[in-house]
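Data first, discussion second: the structure below is written as structure tokens.
Quick caveat: nothing in here was measured; it's all calculated off a predicted structure.
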Amino acid sequence: MIRLTLKQEPPLRLSAEALLPERLAGLAPRAVERLPLAAGRRAGVVGDWFRVASARGEAIQIEGPCRRIDRIGAGMTGGSIHLHGDAGAYLGLGMRGGSIMLDGSAGFGAATDMRGGLLRISGHAENGVAGALPGAAAGMRDGVVIIGGDAGDAAGAKLRRGLVIVGGAAGAGCGAEMIAGTIVVGGALGPYAGAAMQRGSIVALAGAGPLGSGFADCGVHDLVFCRLLARHLATLGLDGLARRIGPLRRFAGDAAVSGKGELLVAP
Amino acid sequence: MKLGGVAIDDTFAEAFGMTATRLVVTDDDPVWARHAADSMTGFATSIIACGVEAGVERELAAEETPDGRPGVAVLLFAISADALAKAVRDRVGQCILTCPGTACYAGLEGEKRIALGRGLRYFGDGRQAAKRLGGKRYWRIPVMEGEFLCEDEAPIQDGVGGGNLLLLGRSRAAARAAAERAIAAMRRVSGAIMPFPGGIARSGSKLGSRYKFLIASTNDAFCPTLKGVVESALDPDIASVLEIVIDGLSAEAVGNAMAAGMRAACADAGDGLARISAGNYGGKLGAFKFSLRELLS
């Protein structure tokens, strides 16, 4: 495939929507260098910012850090991107398939409006991961997001379907206005978790602080669903989290809306 | 042709196409998984009156099941996808959902599917919840014991029903002993079930009867008490005949089970088992023909 190595950190933000596996497949490095890559309002090409070379393997390799490069993998439908170094905002925005592996941390809004595929972030994710576009009724609609570190505020807000896994802590409003789907949090769960959630599950394996008054304690249960979830996490290489899933206390809510969601909290 | 001193008739079993599915029932305790599976496969010997033919395929170790608990694989066969869907809905609803600790999963892969948990979820009276994991959809249905988890759909496939063996013994005891040996071996064949009690039927039937309301009646040619009054298929020394009916997910599975059954029945048969034969309709009705001698060759 193709290896792109950032020559220097850009002075302003770049939007890397052109660097999709399906667009780069079969292109020679020189052709990739000529693809448009705007820097702010200034027109430019990929070669202005990246050294492009052929590489082994199927994945697009991007050598960063790409903190100022936004929308990497936006709308991708297949193939894979392996990103070494931090990513900018909206990593995997609206992606429908394929996989993005990030060795680093992601900026605001990773996996926003995601429709399918796998996004794996080894480090942290800033606010709005797996969330919704501004004004949208629903956020992530399918796929799997795995964050090795912490997630910022509003992780999985308006989640419609899919699985979001946060290995570390999650900030305020995790799963707020959730419609369905599943969020697993290995670390501390911030305040306002599941606020106004309609359905769906938030699994808090390190316990949770005070919950909103719209959640009712339904007791501790050893659910078969949790066994399935643990097995699924193990298939994703998350054995450590999988082993921590056992009997959990179920809080049903948020009664402020339909009240058919749940927080499953380690007792 | 003889096998272990037992005559193998130069005939064939005639079998039919069916629609099949495999379900996996799990529980914390394998005893209760078995209770559920036995209940679900009860009164499922023949589609003539039961609507479905079903049986336990095998018991599953914890590492073989989706939720890591011990389980049982069950095969169900019906004449059509609609008939199978109705039987699955009714039997899972009455026998698996009701049984303490169980969960129910699809045991096949494929595009053609019938409803499984999707049809049962309404029992949750609006408190049911759908979950999707690994591309599969499940229903969590609250019940008094806790929660019943059931996969949304079950793939179906073409199957084969009506493979059979007729074991002709010189005594009732000898025929039953041979059938028991056969069943023990046949149960080790993957993808096949023997749906009758203990896998064995004593009342093999022929098509039609002298009564208008009865579509099948006793196979008088193989009834030892009628040897002197009908055109009998039995030799003078035959005192009892037992039938083993086999349904399988493939013709290969049915053939393998039949071959295993014949070999086991003939092993250590002494002089109790005289012949092995098979039921057919002259080859005009069924899509599958299993020659006894070819299966043993």
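To the nearest 0.5 Å, atom CG of residue A:Leu163 and atom CD1 of residue A:Ile183 are 9.5 Å apart. Expressed to the nearest 0.5 Å, how far CG of B:Leu120 lies from CH2 of B:Trp139 amounts to 11.0 Å. Here the straight-line distance linking atom CE of A:Met114 with atom CG of A:Leu91 works out to 9.5 Å at 0.5 Å rounding.
Interface residue A:His232: only side-chain heavy atoms are found under 4.5 Å from chain B. Contacts of A:Leu223 with chain B are made by side-chain atoms alone, with heavy-atom separations under 4.5 Å and no backbone atom involved. Within the 4.5 angstrom heavy-atom criterion, atoms from both the backbone and the side chain of A:Ser201 approach chain B. Looking at A:Leu229, both its backbone and its side chain come within 4.5 Å of chain B, counting heavy atoms on both sides.
Top candidate by heavy-atom pairs under 4.5 Å with chain B, chosen from A:Lys260, A:Arg231, A:Arg227, is A:Arg231. Here B:Asp67 is the residue among B:Asp28, B:Asp67, B:Thr26 with the most heavy-atom pairs under 4.5 Å with chain A.
Between A:Asp113 and A:Arg141 a salt bridge is recorded (basic side-chain N to carboxylate O distance below 4.0 Å).
Residues A:Tyr192 and A:Asp153 bring no donor and acceptor atom of their side chains to less than 3.5 Å of each other.
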